Amino acid sequence: QVQLVESGGGLVQAGGSLRLSCAASGRTFRNTAMGWFRQAPGKEREFVAVITWSGTITYYADSVKGRYTISRDNAKNTVYLQMNSLKPEDTAVYYCASHGGRGSYYYPVEYDYWGQGTQVTVSS
């Protein structure tokens with residue numbers, strides 16, 4: 001059983017920053033690529049960022065590139081998402097997920113475990 005628990009969401013003004021954390025347990029975390037997705041009301045869940053198991057390779061959605069940074073600490077079984085220069089359109093529930101080991105990093109269906117999500121609200 002894998003458990004992922006996100007934290008760090010909240011309400012922030014446009015231009016502000018938040019740091020999300022995702023604590024993992026139950027599986028060998030360090031061998032798994034980890035991703036962040038988000039879902040706004042009435043919209044599909046969308047890819048935000050992913051980091052490979054070693055932490056040496058990262059990919060970002062174009063909408064967050066240059067503003068968000070994904071990182072991980074395998075000793076702490078935790079993955080982070082630093083979000084800077086936040087915009088109202090970044091408002092969503094943010095989810096972390098562990099990649100199943102095959103397939104694209106960009107599609108939710110390729111991830112086999114998900115956290116419960118944390119709300120991020122950016123006011124204008």
Side-chain angles (χ1 to χ4, degrees):
Q1 187 74 18
V2 175
Q3 289 188 330
L4 301 173
V5 180
E6 301 99 335
S7 61
L11 174 64
V12 64
Q13 288 188 334
S17 298
L18 283 174
R19 188 194 196 202
L20 305 184
S21 299
C22 173
S25 62
R27 189 166 78 176
T28 306
F29 172 80
R30 64 185 63 199
N31 293 335
T32 304
M34 297 293 295
W36 285 96
F37 288 75
R38 66 186 182 186
Q39 188 166 17
K43 295 187 177 181
E44 293 187 353
R45 192 167 297 190
E46 66 173 358
F47 169 80
V48 173
V50 64
I51 187 167
T52 56
W53 67 270
S54 64
T56 56
I57 299 175
T58 58
Y59 298 105
Y60 297 90
D62 288 343
S63 58
V64 306
K65 202 171 294 182
R67 300 188 297 121
Y68 288 16
T69 302
I70 189 171
S71 61
R72 66 190 296 162
D73 185 340
N74 286 341
K76 295 182 178 179
N77 283 0
T78 302
V79 62
Y80 305 97
L81 186 67
Q82 178 66 43
M83 306 184 296
N84 299 329
S85 302
L86 283 162
K87 305 174 182 180
E89 52 263 45
D90 295 319
T91 295
V93 177
Y94 283 70
Y95 299 89
C96 72
S98 63
H99 192 258
R102 296 181 178 180
S104 170
Y105 289 137
Y106 299 105
Y107 302 119
V109 70
E110 304 296 353
Y111 291 75
D112 51 4
Y113 293 100
W114 293 80
Q116 81 289 349
T118 186
Q119 177 70 47
V120 171
T121 303
V122 184
S123 63
S124 57

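No experiment lies behind these values; they were computed from the predicted model shown. Note: hydrogens, waters and symmetry copies are ignored here, and every other heavy atom, side chains too, is used. Throughout, numbering of the chain's residues begins at 1 and tracks the sequence.
Here the straight-line distance linking atom CZ of Arg19 with atom CG of Asn84 works out to 11.0 Å at 0.5 Å rounding. To the nearest 0.5 Å, the span separating OG on Ser21 from CZ on Arg72 amounts to 13.5 Å. Rounded to the nearest 0.5 angstrom, Thr118 OG1 and Leu20 CG are separated by 6.0 Å. To the nearest 0.5 Å, the span separating OG on Ser63 from CG on Asp90 amounts to 7.0 Å. Distance CZ/Arg38 to CE/Met83: 9.0 Å, rounded to 0.5 Å. Considering CG of Leu81 and CE of Met34, their distance stands at 11.5 Å, rounded to 0.5 Å.
With hydrophobic clusters built from ILVMFWY side chains whose heavy atoms lie under 4.5 angstrom apart, Leu86 shares a cluster with Val64.
Between the side chains of Glu89 and Thr91, no donor N or O sits under 3.5 Å from an acceptor N or O. Counting only N and O atoms by type, the side chains of Ser98 and Asp112 include a donor and acceptor under 3.5 Å apart. Side-chain contact of Thr78 with Asp73: a donor-acceptor pair under 3.5 Å is absent, judged by distance alone.
At most 12 heavy atoms of other shown residues, nucleotides or ligands fall within 6.0 angstrom of atom CD in Gln3. Within 6.0 Å of NZ on Lys43 lie no more than 12 heavy atoms contributed by other residues, nucleotides or ligands.
Residue pairs satisfying the ring pair (Phe, Tyr, Trp, His ring centres under 6.0 Å) criterion with at least one member in residues 48-101, sequence neighbours excluded, are listed as follows: His99-Tyr105, His99-Tyr111.
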